[in-house]
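Quick caveat: nothing in here was measured; it's all calculated off a predicted structure.
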Amino acid sequence: MKNVVHIVGSGPAGLSAARTALDAGARICLIDDNHAPGGQIWRGGPARWTDARARSAWNTLRGHPGCTVMQDAQVSGCMDSRTLLVETGGRGAAVPFERLVLCSGSRELSLPFPGWTLPGVTGAGGLQALIKGGMPVSGRRVVVAGTGPLLLAAASTALRAGAHVAAIVEHQPWSRLSAFGLGLLSRHGKKFLQAASLFAELRGIPYVTGATLVAATGEDTVRGVVVRTGGKDVEYACDFLAAGFGLVPNTDLARALRCDVVDGAIQVDDAQRTSRTDVWAAGECTGIGGVDKAVAEGRIAALAALGRPPSGRDLPLRRASHAFAALLARTFAPDESLRTMCGPETIVCRCEDVTRARLLPHRDWREAKLATRVGMGPCQGKTCGAACAFLFGWSHEDARTPIMPATARALSDFE
């Protein structure tokens, strides 16, 4: 479609970009692989949204004559430098673009530890998504462990759904968490109030700091989790373990399009333009920073794609959100001590059952992949790739189409 801004992803950044482009008089095509808009942050669709920004954006998009929405549409890669390969309804479609805004979000960083492959062990955000998708947890015992603010959000979601949250286990020591709180109070008052509200909601739940996961226990499913704190091992019984170690930008499509990726995030300039002149990026895919960063960057990217300067309100919001992102990274970036969770016989690649011991002799990702099939299963390295980067310092090779599992029928449509 000519004279259309194509946007991949309908989370906060994508919805913000789409609304901004429509308000500026452009036409847009919004492509998302979920059946409802909102991404992970505004998950569940309009009926469940509590953020007024989400409802306002969707009200502008819904029924707008200049808006085309492709839902349940998975971008599998690109046919050439200016054509996306999209699978929808079991069929493949080539979608050419002139101006593209990538709002591909992020995925959870999963770090291996003994028992992490047991049924009932999820990521922190993964548990949130399952609950919001309708998984019943009422009366079930939940432990949330790892590091980062997402732990509190996951515990809150579980608690509201009727679960018994047995413990929240945070890897960072209390001294670092206190410094983070003071940083919020001094520079990010709104986020400090949000954090304080979460702590108030979760009062009474054991909040263990300076702790490390030792193992998830159980045979057919998770039955408990062993945590090391203060030199002692403590076991909590649980039916679900949500283990989260932060987020990593989703850069697969950007790499397939040959956009530069630096330090694990899509590299953009002050106008959110990538290394390509016809591709912009916004939100978590350019660096983890939360919903405010995504909304501000989405507006800036859409305006830039239309050749317009950012509005005066967006630049201060982006600066503040980048400062918050830097504070998050300083406080919660996984440190080297978490590598000790993964023993020699711990599975690193769940798809191909590759243990750490089998990976140790290899020098890089490519060599290990050829020798052990790490990263060659259905997830295509999306989980174990980030884990290997953390454990061994291995960088990933460029993404290749298809970047997501695609049906043979859809691929044959592209020929």
* Decide yes or no on side chain to side chain donor-acceptor pair (under 3.5 Å) for S311 and D314, but give the supporting numbers first. => CA-CA 6 Å; S311 68; D314 291 323; 2.7 Å; yes

* Asked: Side chain of S197, backbone of L193: donor and acceptor closer than 3.5 Å?
  -> no

* To do: Compute whether any side-chain donor of one residue and acceptor of the other, for E297 and T286, lie under 3.5 angstrom apart.
  => yes

* Structure fact -> Of all heavy-atom pairs linking L159 and L202, the shortest is CD2-CD2, 4.0 Å

* **Ion pair D252/R107, N-O distance below 4.0 Å** => yes

* Asked: Can you tell me how far the SG atom of C342 sits from the CG atom of L111, to the nearest 0.5 Å?
  -> 9.0 Å

* Roughly how far, to the nearest 0.5 Å, is the CZ atom of F113 from the OG1 atom of T340? -> 12.5 Å

* Asked: Does a salt bridge link D220 with R223, judged by any charged N lying under 4.0 Å from a carboxylate O?
  -> yes

* To do: Please answer whether the main-chain N or O of A94 pairs with a side-chain N or O of T83 as donor and acceptor at a distance below 3.5 Å.
  => no

Side chains of residues 146-153: which donor-acceptor partners sit under 3.5 Å, not counting sequence neighbours?
from, atom 1, to, atom 2, distance (Å)
T147, OG1, E170, OE2, 2.6

* Look only at the side chain of Q128 and the backbone of T157, and say whether a donor-acceptor pair between them is shorter than 3.5 Å. => no

* Asked: Is S76 reaching over with its side chain to a backbone N or O of V86, donor-acceptor style, under 3.5 angstrom?
  -> no

* **CG-SG distance between L15 and C103, expressed to the nearest 0.5 angstrom** => 9.0 Å

* Side-chain donor or acceptor of Q74 paired with backbone N/O of P405 under 3.5 Å -> yes

* Under 4.0 Å between a Lys/Arg side-chain N and an Asp/Glu carboxylate O for D278 and R276? -> yes

* Asked: Going by atom types alone, do E87 and T407 pair a side-chain donor with an acceptor below 3.5 Å?
  -> yes

* Quick one: do the S337 and H171 side chains pair a donor with an acceptor below 3.5 Å? -> yes

* Flag the pair F390 / F245 as yes when their ring centroid distance falls below 6.0 Å, and as no otherwise. => no

* To do: Go through R318 and I300 one step at a time and tell me if the side chain to side chain contact (heavy atoms under 4.5 Å, CB included) criterion holds.
  => CA-CA 9 Å; R318 183 174 63 179; I300 293 170; 3.7 Å; yes

* Asked: Would a distance-only check, ignoring hydrogens and angles, find a side-chain to backbone donor-acceptor pair under 3.5 Å from T221 to P119?
  -> yes

* **Spacing of L303 atom CG and R299 atom CZ [to the nearest 0.5 Å]** => 9.0 Å

* pair Q272-V101: side-chain heavy atoms closer than 4.5 Å -> no

* Any cation-pi pair here, R350 with W116, using under 6.0 Å and within 45°? -> yes

* Structure fact -> Only one of I28, V295, L61 passes side-chain contact (heavy atoms from CB on, under 4.5 Å) with R19, and that residue is L61

* Gap separating the SG atom of C238 from the NE2 atom of H164, nearest 0.5 angstrom -> 10.5 Å

* Is there a donor-acceptor pair under 3.5 Å between the side chain of N34 and the backbone N or O of A36? -> no

* Flag, side chain of T372 to backbone of K369, donor-acceptor distance under 3.5 Å -> no

* Any luck finding a side-chain donor-acceptor pair between N250 and S104 under 3.5 Å? -> no

* Write out all pairs satisfying ring-ring contact (aromatic ring centres under 6.0 Å, His included) with one or both partners inside residues 285-336, taking only residues at least two apart or from two chains. => F180-F332, H188-F324

* Any donor-acceptor pair under 3.5 Å from T60 side chain to S56 backbone -> yes

* Keeping the roles fixed (side chain from K132, backbone from R43), state whether a donor-acceptor pair exists under 3.5 Å. => no

